[in-house]
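Taking it in order: structure first as structure tokens, then the write-up.
Both ligands and their constituent atoms are indexed starting at 1 by order of listing.
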Amino acid sequence: MQRLVSPPSGKGPAEWFNGPVWFDQIYQGAEPSRARVNSVHFAPCARTAWHTHAVGQTLHVTEGVGLVATRDGQVIVMRPGDTVYTPPGEGHWHGACSEHFMKHLAIWDGTGDSEVPETTWGEHVSDDDYACADRQRTGA
Ligand code: MN
């Protein structure tokens, strides 16, 4: 066995994230594994832009309170221990709720084809769309 050396924490780039987001790369499988695992920390109100994953993605919340929302208006409030799966090609975003930070493991797979992106990014989530999703947390 070996203890793996962790790359330095990275700041989520502004074109893909809104607000302070930091990630640690936990695991990146070498072929034939295509597994990827990141630990991602979102400040309150911080979230991803809209995006899709070519091979789907599983989120597992370890701390805080988070939101994941899809293009059809479905919202899931995520708390520690919750696991949420988004299938291949489903447009969605994820992030912290407005009153708490949130940390999740993001688990996904490479495509095995350098021409096919693992994640396809779209526009930022508007403040109105974010507020609408966040209200579902409190039922307000
Ligand atoms: Mn995602």
Check your understanding: What is the NE2(H51)-the Mn ion (ligand 1)-NE2(H53) angle, to the nearest 10 degrees?
Key ->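 NE2 of H51 and NE2 of H53 make an angle of 90° at the Mn ion (ligand 1), to the nearest 10°.
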
Exercise for review: State, without any angle test, whether S39 and D24 hold a side-chain donor-acceptor pair at a distance under 3.5 Å.
Suggested key: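 No pair is found: no donor N or O on one side chain lies under 3.5 Å from an acceptor on the other.
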
Review point. Hey, which of H94, H41, H60 is the one that makes ring pair (Phe, Tyr, Trp, His ring centres under 6.0 Å) with H104?
Key: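 With H104 as partner, H94, H41, H60 yield a single ring pair (Phe, Tyr, Trp, His ring centres under 6.0 Å), made by H94.
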
Exercise for review: Restricting to N/O/S, name the atom of H94 that gets closest to the Mn ion (ligand 1).
Suggested key: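 Sorting the N, O and S atoms of H94 by distance to the Mn ion (ligand 1) puts NE2 first.
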
Check your understanding: Has T119 got an N/O/S atom less than 2.8 Å from the Mn ion (ligand 1)?
Key ->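 Checking T119: none of its N, O or S atoms is under 2.8 Å.
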
**Study point:** F17 six-ring centre to R47 NZ/CZ under 6.0 Å and within 45° of normal
**Key:** no

**Study point:** E118/R34 ion pair, N-O < 4.0 Å
**Key:**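 The answer is no: the pair does not qualify as a salt bridge.
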
